[in-house]
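To start, the structure itself, in structure tokens.
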There are 2 protein chains.
Amino acid sequence: MNGQDAELVMTFEDGTPLYLQVAQLLQRLIDGGTYPVGTLLPPESDLAQQLSVSRHTIRQAIGQLRQRGVLSARKGVGTRVEAPEDDWRSRFSANSRGGLFDFARSTELHFKHRQMTEVRGNLAADMGVRPGRKFLHLSGPRYYSGDKNPFCVNEVFLEPRLKEVVENIDILRVALFTLVEASTGERVKEIQQEIRAVHLDEVQAGYLGRNQGDLGMRLSRRYLGSGSRLLEYAVQYYPGDTFAYHTTLSST
Amino acid sequence: MNGQDAELVMTFEDGTPLYLQVAQLLQRLIDGGTYPVGTLLPPESDLAQQLSVSRHTIRQAIGQLRQRGVLSARKGVGTRVEAPEDDWRSRFSANSRGGLFDFARSTELHFKHRQMTEVRGNLAADMGVRPGRKFLHLSGPRYYSGDKNPFCVNEVFLEPRLKEVVENIDILRVALFTLVEASTGERVKEIQQEIRAVHLDEVQAGYLGRNQGDLGMRLSRRYLGSGSRLLEYAVQYYPGDTFAYHTTLSST
DNA sequence: TTTCAGTATAAGTACGAACATAAGGGACGG
DNA sequence: CCGTCCCTTATGTTCGTACTTATACTGAAA
């Protein structure tokens with residue numbers, strides 16, 4: 001007879017869908033320790049009753065958290081808490097082995113080109129914006145501080161209104177999105193990252209000391225603000241023979 | 001009044017859920033050119049009526065194909081075909097244990113080869129074990145449930161003592177490490193994942209419908225038990241032209 | 001003590017219905 | 001000719017209900 005969980009109340013009834021509100025509530029309860037990692041959530045039907053929503057809505061909410069890897073479900077058993085809120089701000093630098101992703105202090109991005117571009121075709125599709133939209137396009141090699149040869153080639157696309165953020169910057173030693181956040185006051189809510197294999201083009205190969213057509217890895221990131229608004233889009237190219245992307249999934 | 005689309009009939013009523021059958025049907029119709037890339041699918045309500053299923057089931061089916069990147073939907077407009085025909089664009093997102101679990105359940109791994117091998121050289125180094133150690137080596141293609149063509153080639157290395165875990169299994173529909181956990185009673189504490197770009201060898205290319213030397217992605221995972229003991233090592237090869245590895249880092 | 005069958009549980013699947021909301025198009029007036 | 005408003009369309013959200021199936025537990029039989 002667990003009569004202790006009386007704090008299950010939905011708050012703020014704004015325009016966000018109910019199932020997202022439920023998902024956020026569950027996330028808060030998980031982070032807050034009400035549902036510790038490794039334990040089972042109450043059954044869907046119980047949650048539905050306690051929150052006065054339909055089981056279908058609960059399932060949608062749980063589906064969200066399952067997609068993010070926070071929950072996992074098994075028929076006949078229940079829904080298990082797999083991970084606390086994934087704290088990407090720490091993982092961002094933590095999943096780098098050899099400091100490949102340590103943007104903050106150990107690398108330098110040298111902007112060699114900057115221009116306004118209309119994005120279209122594949123690029124527009126990758127960015128998730130309408131073809132024809134204008135962006136400020138910056139590009140250049142990235143060095144380990146003090147190194148002579150770059151280990152990575154960068155491309156960055158910024159909204160035109162953020163022009164003055166990078167106006168006077170030729171060498172960047174911090175994560176660009178922190179500057180964007182500081183300038184706009186808008187917080188980056190989500191980063192969507194994509195990794196794929198590519199052939200290096202002539203320019204990239206030149207920077208990286210490889211030959212055109214050699215194996216490479218392309219790592220792109222979409223920085224989204226509130227309302228899935230694209231604030232920044234960045235692409236990095238690495239030589240395929242030396243680069244590997246490492247992640248550790250621990251179950252605590 | 002388009003009275004031409006009379007070929008919308010569901011076949012084989014086996015144990016697979018209805019919404020997956022619908023998803024496969026839609027995929028076939030897309031590949032077959034009935035719904036060309038770039039065009040809009042008929043409205044959900046029309047599809048539901050034509051197939052004599054509920055709109056809810058149609059939405060589940062469409063949801064599957066949206067997850068794979070085959071379809072995209074916009075409110076008030078419709079559902080658009082995004083992927084080129086006969087390109088089953090594999091999108092794989094897994095940044096958690098639960099993600100791997102769900103991934104394995106919507107796919108099938110067919111074991112084609114199984115043998116004892118002594119690992120050495122690069123492989124031993126990647127696995128993090130002494131060269132010369134013996135492992136049970138299984139390999140084969142992986143399919144989306146119901147698909148004809150594999151989207152991935154798998155290799156699995158297991159400790160010899162876990163032989164009976166896969167003894168009678170030819171088609172695997174769950175995450176292998178859960179079987180290992182169940183058999184040994186030892187919980188997987190950590191999964192170390194590595195992604196790199198490769199050229200496909202002849203066998204891999206054959207399975208994936210590509211040519212030898214084509215661009216590919218290699219995704220390896222080390223499943224560690226307590227005390228950093230290697231329980232399982234798995235490698236997956238994907239075609240580089242259609243495969244992308246996605247991660248979402250959200251801050252809410 | 002072990003094994004097996006039955007039962008309870010909880011997620012999965014599938015139906016139906018209704019309303020909300022975004023997009024696009026067309027009518028209408030300026 | 002152009003912008004505004006409204007209506008239609010199609011997906012999104014939310015409720016309700018019922019049944020299926022995998023899993024675990026329990027209790028009886030061997």
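Note that the structure is a prediction, hence the values are computed from the model and not measured. By convention in this document, chain letters (A, B, ...) are assigned in the order of the sequence lines, proteins followed by strands, and residues within each chain are numbered from 1.
Of the listed nucleotides (C:dA10, D:dT13, C:dA14), C:dA10 has the atom at the smallest distance from the side chain of A:P43.
If you take CD of B:E44 and P of C:dA20, they are 18 Å apart, rounded to a whole angstrom. Atoms NZ (A:K75) and C1' (C:dT13) sit 8 Å apart, rounded to a whole Å. Note: NE2 (A:H56) to C1' (C:dG12) measures 12 Å, nearest angstrom. At whole-Å resolution of the value, CD1 in A:I58 and P in D:dG16 are 12 Å apart. Atom CG in B:L18 sits about 9 Å away from atom C1' in C:dT13, given to the nearest Å. Across the protein-nucleic acid pair, A:R59 atom CZ and C:dA10 atom C1' stand 10 Å apart, rounded to whole Å. Summarising the geometry, the separation between CD on B:Q49 and P on C:dG16 is reported as 11 Å, rounded to the nearest angstrom. Taking atom CG on B:L40 and atom P on D:dA10, their separation rounds to 9 Å, with Å as the unit.
Side-chain atoms of A:R222 come within 3.5 Å of backbone atoms of A:M127 as a donor-acceptor pair (strictly under, hydrogens ignored). Between the A:R80 side chain and the A:G38 main chain, a donor and an acceptor come within less than 3.5 Å of each other.
Note: B:F135 and B:F157 have perpendicular aromatic rings, judged against thresholds of 30 and 60 degrees for the angle between ring planes.
Within the nucleic acid shown, B:R66 comes within 4.0 Å of sugar-phosphate atoms alone, with no base atom in reach, counting heavy atoms only. Nucleic acid contact for B:T57: sugar-phosphate only, since backbone atoms but no base atoms lie under 4.0 Å from a heavy atom of the residue.
Residues passing the side-chain hydrogen bond (donor to acceptor under 3.5 Å, both in side chains) test with A:E118, sequence neighbours excluded: A:R120, A:K134.
Phosphate proximity of D:dT11 to B:T79: present, with a side-chain N or O under 4.0 Å from OP1 or OP2.
Summary of the strand contacts: A:Y19 and B:R74 both lie near DNA chain D, and taking for each the nucleotide with the nearest heavy atom, the more 5' one is attributed to B:R74.
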